[in-house]
Amino acid sequence: MQLIEQVKEFGGWLNRYQHESISCHCTMTFSVYLPPQAETEQVPAVYWLSGLTCTDDNMRTKAGAQRYAAELGIALIMPDTSPRGDDVPDVPERYDLGKGAGFYVNATQAPWARHYQMYDYVTVELPALVEAKLPLIAGVKSISGHSMGGHGALICGLREPGAYRSVSAFAPICHPRIAPWGEGCFSAYLGDDRAQWNAYDATELVKSGQPLVPLLIDQGTDDEFLAEQLFPLDLQVAYAERGGSLTLRMQPGYDHSYHFIASFIGEHLAYHAKALRQ
């Protein structure tokens, strides 16, 4: 784990690292914000999963999250959205498949399967790495994300009961097996058997009886992708049918951008901090 960048912010440190990933068979880059409290004690962590076309850089430069993390005494762990490198398969003419579009699944199909193991990377490899090397409280973590990363946060929370103290999302892809983004990536990474896709679809996981976790979701009403790609009401209905706790806040006038995220990230981090400190 090599430190490649370090900037002081709000009394803490915004660090960027590279390491050789066992899961993804390539050099992976990720960012970490360590609040000032980490100078003297171990702190809990919130993992942030970014969306299509993003890297670890989007969250750390656009959301304004570090100010809140410093006040709350929580670390932010910000991985990349896909494997990277010359040997990693890609479709350069598409923004929604390949590099920048890992979709947080473990691919099973050629040529993707060797590198595109993002589910294992964010749930197993990266937590083990940062908890061993940084002043983090082992196993005390929450997860959030945006768009494709919101989908990632939801499936991680549902598939790993007890692993995360709390789960939230901004404009997540809630039913990817019927969304064009999800269909494109799932068919490439997982194959044509749509039954296999359900393991990485939050709405289908809830329908299948997966243990439920409380969810906080913010969704802008002016999001240009709301009707065609995101389907939050599908997840809300599935949760309601099983008596689960899902807070879906439809935010009037907000779009899909980081302006939307920056407006509510403080509330989400406070939500996670409360759960992490219990």
Side-chain angles (χ1 to χ4, degrees), residues 1-2 4-5 16-32 47-63 76-130 143-156 159 169-173 176-177 179-191 196-197 199-202 225 229-230 256 258 261:
M1 186 167 128
Q2 179 186 4
I4 60 172
E5 184 180 338
R16 206 174 197 188
Y17 300 95
Q18 286 185 338
H19 75 113
E20 297 305 311
S21 170
I22 297 170
S23 302
C24 297
H25 295 95
C26 66
T27 301
M28 294 292 285
T29 302
F30 64 94
S31 290
V32 176
Y47 287 71
W48 174 268
L49 306 185
S50 291
L52 285 168
T53 76
C54 293
T55 68
D56 63 302
D57 202 37
N58 295 73
M59 172 63 164
R60 72 189 199 130
T61 60
K62 295 181 179 181
L76 303 175
I77 314 297
M78 297 164 278
D80 202 346
T81 54
S82 77
R84 307 280 178 173
D86 294 340
D87 296 335
V88 174
D90 191 23
V91 185
E93 64 273 19
R94 290 184 59 177
Y95 75 92
D96 57 350
L97 181 66
K99 294 178 185 177
F103 239 88
Y104 304 103
V105 305
N106 287 338
T108 59
Q109 304 299 302
W112 312 99
R114 174 170 170 78
H115 296 285
Y116 284 74
Q117 301 293 311
M118 288 299 295
Y119 184 82
D120 280 353
Y121 180 73
V122 299
T123 61
V124 180
E125 182 178 4
L126 184 60
L129 178 67
V130 295
I143 194 165
S144 186
H146 171 232
S147 193
M148 178 187 73
H151 141 78
L154 296 179
I155 63 168
C156 290
R159 286 170 54 111
F170 289 81
I173 305 169
R177 75 189 310 274
W181 283 338
E183 289 180 312
C185 284
F186 283 3
S187 61
Y189 301 152
L190 304 175
Q196 301 300 314
W197 301 3
Y200 296 105
D201 183 307
F225 303 113
Q229 301 281 10
L230 305 181
H256 198 72
Y258 266 81
I261 295 168

Novice: Please check: side-chain N/O of Asp80 versus main-chain N/O of Thr29, any donor-acceptor pairing under 3.5 Å?
Specialist: no
Novice: Among Val130, Thr123, Val124, find the one that has a side-chain contact (heavy atoms from CB on, under 4.5 Å) with Leu126.
Specialist: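 The passing option is Val130.
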Novice: Testing Glu20, Arg84, Gln2 one by one against Thr27 for a side-chain hydrogen bond (donor to acceptor under 3.5 Å, both in side chains), which residue passes?
Specialist: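 Only match with Thr27 under side-chain hydrogen bond (donor to acceptor under 3.5 Å, both in side chains): Glu20.
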Novice: Which distance, rounded to the nearest 0.5 Å, do you find between the CH2 of Trp197 and the CZ of Arg177?
Specialist: 7.0 Å
Novice: If I compare all heavy atoms of Glu125 with all of Ser21, which pair ends up nearest, and what's the gap?
Specialist: OE1-OG, 2.9 Å
Novice: Does Asp56 use its side chain to pair, donor to acceptor, with the backbone of Pro79 at less than 3.5 Å?
Specialist: no
Novice: Looking at Tyr119, I'd like to know if the NZ or CZ of Arg159 sits under 6.0 Å from its six-membered ring centre while staying within 45 degrees of the ring's axis.
Specialist: yes
Novice: Taking atom OG of Ser82 and atom CG of Asp90, what is their separation to the nearest 0.5 Å?
Specialist: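 Going from the OG atom of Ser82 to the CG atom of Asp90 covers 7.5 Å.
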Novice: Is there side-chain contact between Pro180 and Gln229, with heavy atoms separated by less than 4.5 Å?
Specialist: yes
Novice: Please confirm whether the backbone N or O of Cys24 pairs with a side-chain atom of His115, one donor and one acceptor, at under 3.5 Å?
Specialist: yes
Novice: Of all the heavy-atom pairs spanning Gln109 and Ala188, show the shortest one and how long it is.
Specialist: CB-O, 3.3 Å
Novice: Compare all side-chain heavy atoms of Leu49 with those of Ile143 and state whether any distance is below 4.5 angstrom.
Specialist: yes
Novice: Would you mind reporting whether Arg60 and Leu76 have side-chain heavy atoms less than 4.5 Å apart?
Specialist: no
Novice: In this structure, is the centre-to-centre distance between the rings of Trp181 and Phe225 below 6.0 Å?
Specialist: yes
Novice: Distance-only, no hydrogens or angles: does the Asp120 side chain make a donor-acceptor pair with backbone N or O of Gln117 under 3.5 Å?
Specialist: no
Novice: Which value, rounded to the nearest 0.5 Å, describes the distance between Ile261 atom CD1 and Lys62 atom NZ?
Specialist: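 The CD1 atom of Ile261 sits 9.0 Å away from the NZ atom of Lys62.
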Novice: Output the distance between atom OG1 (Thr55) and atom NZ (Lys99), rounded to the nearest 0.5 Å.
Specialist: 13.5 Å
Novice: Can any side-chain N or O of Thr81 pair as donor or acceptor with the backbone N or O of Cys54 at less than 3.5 Å?
Specialist: yes
Novice: Can you name the one residue among Trp112, Tyr116, Tyr200 that meets side-chain contact (heavy atoms from CB on, under 4.5 Å) with Asn106?
Specialist: Tyr200
Novice: Relative to the ring of His151, is the ring of Tyr104 parallel (under 30°), tilted (30 to 60°) or perpendicular (over 60°)?
Specialist: tilted
Novice: Provide the closest heavy-atom pair for Ala153 versus Gly145 in the form atom of the first, atom of the second, distance.
Specialist: CB-N, 4.0 Å
Novice: Just verifying a value: how many Å separate Cys26 SG and Arg114 CZ, rounded to the nearest 0.5 Å?
Specialist: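 Going from the SG atom of Cys26 to the CZ atom of Arg114 covers 9.5 Å.
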Novice: For Leu154 and Ala169, which heavy atoms make the closest approach, and how far apart are they?
Specialist: CD2-CB, 4.3 Å
Novice: So, Ser147 side chain and Gly149 main chain: donor-acceptor pair closer than 3.5 Å or not?
Specialist: no
Novice: Can the ring centroids of His146 and Tyr258 be said to lie less than 6.0 angstrom from one another?
Specialist: yes
Novice: Determine whether the aromatic ring centres of Phe186 and Phe103 lie less than 6.0 Å apart.
Specialist: yes
Novice: To the nearest 0.5 Å, what is the distance between CD on Gln18 and CD on Glu5?
Specialist: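 Spacing of CD (Gln18) from CD (Glu5) equals 10.5 Å.
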Novice: Considering all heavy atoms of both residues, which atom of Gly150 and which atom of Pro172 are nearest to each other, and what is their separation?
Specialist: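 So the minimum-distance heavy-atom pair works out to C-CB, 3.6 Å.
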Novice: Please name the pair of heavy atoms, one in Cys156 and one in Val122, separated by the smallest distance, quoted to 0.1 Å.
Specialist: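 In this case the closest contact between Cys156 and Val122 is SG-CG2, 4.0 Å.
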Novice: Are Arg16 and Asp57 side-chain neighbours, meaning at least one heavy-atom pair lies under 4.5 Å?
Specialist: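 Arg16 vs Asp57: side chains touch.
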Novice: As a quick check of understanding, evaluate ring-ring contact (aromatic ring centres under 6.0 Å, His included) for Tyr121 and His19, giving each step before the final call.
Specialist: CA-CA 12 Å; Tyr121 180 73; His19 75 113; 5.7 Å; yes
Novice: Does the side chain of Tyr189 reach to within under 4.5 Å of the side chain of Gln196, using non-hydrogen atoms?
Specialist: no
Novice: I would like to know whether Leu129 and Phe30 meet side-chain contact (heavy atoms from CB on, under 4.5 Å); could you show each step before the answer?
Specialist: CA-CA 11 Å; Leu129 178 67; Phe30 64 94; 4.0 Å; yes
